[in-house]
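To start, the structure itself, in structure tokens.
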Amino acid sequence: MKKLTLIALLGLGTLTFAQEVKNLPDNGKQKTALIVPTEQKELEAKKKAAEEKAKLPKPYNPKADAQADINKLVAQAKKEGKNIMIQAGGNWCIWCLRFNNFVQETPELKELVDKNYLYYHLNYSPDNKNEKVFAQYGNPGEKFGYPVFIVLDKDGKMIKVQQSDVFEEGKGYSKEKVKEFFNTWKPKA
């Protein structure tokens with residue numbers, strides 16, 4: 001019985017020690033609020049992000065021959081009179097996956113992209129950093145982070161590099177800012 005009591009006291013002591021209680025004034029009344037440790041909040045945020053990431057499509061292919069794929073797109077772009085939109089990033093990047101999903105799930109944006117661009121997801125990951133391909137475009141991921149956008153004209157000439165943080169809104173993207181970007185860099189009539 002003494003062992004059981006001792007174990008119970010140790011458990012309660014640990015529980016009490018692990019949680020910080022703070023008294024907050026409220027018009028003369030005292031309220032007690034439980035302060036969740038920062039580490040626990042960070043773990044919960046990481047868990048939420050992992051759950052979100054698991055649900056989103058994974059458009060990046062680390063095994064792809066990116067240079068060969070882009071060469072094919074340039075040939076196709078010449079025939080179709082479209083520009084090429086390269087979204088550089090990886091399946092590890094929640095913001096990359098969010099952007100892809102945002103465009104695919106927003107009919108107005110998807111239509112704008114499909115009409116004016118050949119879209120390519122250029123992989124950057126430990127499996128395949130595509131260093132030679134990125135070097136051709138000045139390694140924009142190193143400068144701006146991911147995702148980063150590289151716009152090529154129908155001849156394969158780079159005409160714009162765009163960081164993505166300017167499109168962010170909350171935990172997603174601004175439809176109007178993304179739409180403006182796509183409209184600005186579509187082929188000229």
Side-chain angles (χ1 to χ4, degrees), residues 49-50 52-189:
E52 178 186 0
K53 198 184 294 185
K55 294 176 187 175
L56 294 171
K58 309 296 184 286
Y60 296 92
N61 181 359
K63 295 179 180 165
D65 181 342
Q67 189 61 63
D69 291 347
I70 292 169
N71 292 344
K72 288 176 191 170
L73 288 174
V74 170
Q76 185 181 347
K78 284 180 185 179
K79 290 178 189 170
E80 297 180 19
K82 294 182 176 182
N83 283 347
I84 299 166
M85 179 65 65
I86 299 174
Q87 180 182 324
N91 294 328
W92 52 268
C93 166
I94 189 72
W95 285 97
C96 301
L97 301 180
R98 283 176 180 160
F99 191 89
N100 175 67
N101 195 57
F102 178 66
V103 171
Q104 295 302 312
E105 300 283 322
T106 308
E108 190 177 352
L109 295 177
K110 182 165 177 25
E111 182 181 328
L112 183 60
V113 166
D114 291 347
K115 183 179 177 184
N116 297 290
Y117 297 95
L118 298 176
Y119 210 94
Y120 187 70
H121 291 90
L122 176 58
N123 183 75
Y124 177 85
S125 69
D127 297 334
N128 186 353
K129 294 182 180 180
N130 282 305
E131 292 169 311
K132 288 181 182 177
V133 176
F134 276 101
Q136 294 174 67
Y137 306 118
N139 295 310
E142 290 177 10
K143 296 175 190 165
F144 303 120
Y146 297 97
V148 64
F149 303 93
I150 305 163
V151 185
L152 309 180
D153 68 12
K154 65 180 172 50
D155 297 316
K157 178 183 172 209
M158 183 175 69
I159 56 175
K160 176 69 175 171
V161 172
Q162 178 64 58
Q163 62 197 70
S164 62
D165 62 346
V166 297
F167 304 140
E168 292 175 14
E169 190 172 82
K171 293 208 181 260
Y173 291 96
S174 162
K175 179 178 156 187
E176 291 309 312
K177 290 177 182 176
V178 172
K179 183 179 170 184
E180 181 182 345
F181 170 65
F182 286 147
N183 274 321
T184 300
W185 297 102
K186 68 184 182 182
K188 305 297 179 221

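Note that the coordinates shown come from a computational prediction; the quantities given were computed from them, not determined experimentally.
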Answer yes or no: is there a donor N or O on one side and an acceptor on the other, between the side chain of Lys143 and the main chain of Gly138, under 3.5 Å? yes
Once you round to the nearest 0.5 Å, how far does NZ of Lys188 lie from NZ of Lys154? 13.5 Å
Can any side-chain N or O of Asn116 pair as donor or acceptor with the backbone N or O of Leu112 at less than 3.5 Å? yes
Would you please classify the geometry between the Tyr146 ring and the Trp92 ring as parallel, tilted or perpendicular, with 30° and 60° separating the classes? perpendicular
Check the angle between the aromatic planes of Phe149 and Phe99 and answer parallel, tilted or perpendicular using the 30° and 60° thresholds. tilted
Using the side-chain contact (heavy atoms from CB on, under 4.5 Å) rule, take Glu108 and Lys179 through it: C-alpha gap first, then chi angles, then the decisive distance, then the call. CA-CA 8 Å; Glu108 190 177 352; Lys179 183 179 170 184; 2.4 Å; yes
Would you indicate whether the side-chain heavy atoms of Val103 and Phe182 approach each other to under 4.5 Å? yes
Does atom NZ of Lys82 have more than 12 heavy-atom neighbours from other groups under 6.0 Å away? yes
With rounding to the nearest 0.5 Å, note down the distance linking CG in Asn130 to CG in Leu122. 5.0 Å
Look up atom CG in Leu56 and atom CZ in Arg98, then write down how far apart they are to the nearest 0.5 Å. 8.0 Å
Which distance, rounded to the nearest 0.5 Å, do you find between the CD of Glu169 and the NZ of Lys177? 6.5 Å
Can you list the steps and then say if Glu142 with Phe134 is a side-chain contact (heavy atoms from CB on, under 4.5 Å)? CA-CA 10 Å; Glu142 290 177 10; Phe134 276 101; over 6 Å; no
When you measure from the side chain of Tyr117 to the backbone of Val151, do you find a donor-acceptor pair of N or O atoms at a distance under 3.5 Å? no
Side chain to side chain, Pro59 and Leu97, heavy atoms closer than 4.5 Å: yes
Shortest non-hydrogen pair, Val178 vs Tyr173, comes out as CG2-CB, 4.2 Å
Evaluate whether atom NZ of Lys115 has more than 12 neighbouring non-hydrogen atoms of other residues, nucleotides or ligands under 6.0 angstrom away. no
So, does Asn123 use its side chain to make a donor-acceptor pair with the main chain of Tyr60 at under 3.5 Å? no
Would you say Gln87's side chain and Cys96's backbone share a donor-acceptor pair under 3.5 angstrom? yes
Between Asp153 and Asn83 the two heavy atoms that sit nearest each other are CA-OD1, 3.2 Å
Interatomic distance, Asn100 atom CG to Glu105 atom CD [nearest 0.5 angstrom]: 9.5 Å
Crowding at CD, Glu80 (>12 non-hydrogen neighbours, <6.0 Å): yes
Could you measure the distance from the CD atom of Glu180 to the NZ atom of Lys175? Nearest 0.5 Å is fine. 14.0 Å
Do you know the tightest heavy-atom contact between Tyr120 and Ala66? OH-CA, 3.3 Å
Compare every heavy atom of Pro147 with every heavy atom of Ser164, then report the nearest pair and how far apart it is. OG-O, 2.8 Å
Output, in order, the C-alpha distance, side-chain angles, deciding distance and verdict of side-chain contact (heavy atoms from CB on, under 4.5 Å) for Lys171 and Glu52. CA-CA 11 Å; Lys171 293 208 181 260; Glu52 178 186 0; 5.9 Å; no
